[in-house]
Amino acid sequence: ITPKTKLLVLPFPNNPTGAVMEREDLEKIAEVLRGTDILVLSDGTWLASPNDYMDERFTVVYASTDKGETWSLRGKAYIPRAYNYDETNMVEMKDGSIWLTVRNSTGNPLQSFSLDGGYTWTLSSLTDYYTGQTRFNYTRLASGAILRVSNAGKERTVMSAYLSYDEGITWPYSVTLCEEYSTYPD
């Protein structure tokens, strides 16, 4: 895995043998992936949504099914208000859908959902929470909760961590990580 790696696929259980990875091996892979923008879907497909400012109307999603050897355009999410802020984050939801969030100038991330593995996406809408017009990060925790780390204040202040146990609908638990000026959570 290099700085150019955008997606990691773990095709297990493996067909036709049914081989599975040992927990220790999966934990080592998880440690390497922490802090990257690669989403590994439950079916083993790697998804990445790199910054691409060439088309201001769409956020692109690429996929690899061969452990990152090759990549192909999987889909495009129509998110016109994210122009020049194409910093994305994806989380696989418990129902298998994908939640794509994108930074924008309002401070409330734009969101779009895919129900088919990233091929097609819903029209974008604003979330109802503020992230300080800066990059944010979402991570699915082992507990099943979604962890969001983002600024809560104006001018990139009050970096906070939030927990959602209802797939990002509400964020009832939070802790302030830094009240001073801060930039990105990753």
Side-chain angles (χ1 to χ4, degrees), residues 1 3 5-13 20-51 59 61-64 67-68 74 77 87-103 107-118 121-122 125-132 134-153 156-179 182-186:
I1 296 175
T5 302
K6 295 295 179 187
L7 193 63
L8 180 66
V9 176
L10 303 173
F12 290 96
V20 296
M21 293 186 80
E22 297 294 326
R23 181 173 185 82
E24 297 81 32
D25 293 327
L26 290 171
E27 288 172 353
K28 289 176 187 175
I29 292 169
E31 186 61 36
V32 171
L33 291 177
R34 261 185 204 72
T36 68
D37 290 330
I38 297 171
L39 172 65
V40 181
L41 298 179
S42 57
D43 70 358
T45 302
W46 295 5
L47 290 184
S49 184
N51 297 351
T59 294
V61 177
Y62 290 90
S64 175
K67 300 181 182 178
R74 171 66 61 100
E87 295 173 342
T88 63
N89 202 262
M90 291 184 287
V91 172
E92 184 173 18
M93 306 304 274
K94 290 178 182 176
D95 66 2
S97 64
I98 303 166
W99 180 28
L100 171 74
T101 50
V102 183
R103 175 184 167 205
N108 293 67
L110 290 159
Q111 62 184 352
S112 182
F113 295 88
S114 175
L115 306 176
D116 60 6
W121 295 87
T122 62
S125 63
L126 286 171
T127 63
D128 59 0
Y129 51 86
Y130 184 76
T131 61
T134 62
R135 185 171 167 83
F136 45 82
N137 196 310
Y138 296 84
T139 302
R140 169 80 62 194
L141 301 177
S143 67
I146 297 174
L147 170 67
R148 180 182 101 219
V149 180
S150 65
N151 290 105
R156 297 184 179 199
T157 59
V158 193
M159 182 68 70
S160 301
Y162 304 86
L163 280 179
S164 175
Y165 286 93
D166 58 8
E167 299 294 85
I169 296 168
T170 62
W171 303 90
Y173 306 101
S174 65
V175 63
T176 298
L177 304 173
C178 176
E179 291 187 15
S182 57
T183 55
Y184 294 162
D186 49 359

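If you're wondering where the values come from, they're calculated on a predicted model, not measured in any experiment.
Thr59 OG1 to Glu87 CD: the interatomic distance, rounded to the nearest 0.5 Å, is 11.0 Å. Here CD of Glu179 is found 8.5 Å from OG of Ser160. Values are rounded to the nearest 0.5 Å. The distance from the CE atom of Met159 to the OG1 atom of Thr176 is 11.0 Å, given to the nearest 0.5 Å. With rounding to the nearest 0.5 Å, the separation of OG in Ser97 from CD in Glu92 is 8.0 Å. Once rounded to the nearest 0.5 Å, the distance linking OG1 of Thr101 with CE of Met90 reads 9.5 Å. Between the CZ atom of Arg74 and the OG atom of Ser64 there is a distance of 9.5 Å, given to the nearest 0.5 Å.
Within the structure, salt bridge (charged side-chain N to carboxylate O under 4.0 Å, His left out) contacts touching residues 164-177 (residues at least two apart or in different chains) are Arg140-Glu167.
Between the Thr127 side chain and the Pro109 main chain, a donor and an acceptor come within less than 3.5 Å of each other. Judged by distance alone, with hydrogens and angles left aside, the side-chain atoms of Thr45 form no donor-acceptor pair with the main-chain N or O of Asp43 at under 3.5 Å. A donor-acceptor pair under 3.5 Å is formed between the side chain of Thr122 and the backbone N or O of Phe113. Side-chain atoms of Ser164 come within 3.5 Å of backbone N or O of Thr170 as a donor-acceptor pair. Checked by atom type and distance alone, the side chain of Arg156 never pairs as donor or acceptor with a backbone atom of Thr134 at under 3.5 Å.
The shortest non-hydrogen separation linking Asn137 to Thr139 is OD1-OG1, 3.3 Å. When all heavy atoms of Leu126 and Asn108 are compared, the pair lying nearest together is CD2-O, 3.2 Å. Here the closest non-hydrogen pair linking Pro172 and Leu163 is CD-O, 3.3 Å. The two residues Thr157 and Asn151 make their nearest non-hydrogen contact at O-ND2, 3.4 Å. Smallest separation of non-hydrogen atoms from Ser112 and Trp121: OG-CB, 3.3 Å.
Residues forming a side-chain hydrogen bond (donor to acceptor under 3.5 Å, both in side chains) with Tyr129 (at least two apart in sequence, or on another chain): Tyr138. Judged as a side-chain hydrogen bond (donor to acceptor under 3.5 Å, both in side chains), and not counting sequence neighbours, Trp171 has no contacts.
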Q. What's the verdict on side-chain contact (heavy atoms from CB on, under 4.5 Å) for Ile146 and Leu141, showing C-alpha distance, side-chain angles and the deciding distance?
A. CA-CA 6 Å; Ile146 297 174; Leu141 301 177; over 6 Å; no
(Q) Would Val61 and Thr88 count as a side-chain contact (heavy atoms from CB on, under 4.5 Å) here? Give the steps. (A) CA-CA 10 Å; Val61 177; Thr88 63; over 6 Å; no
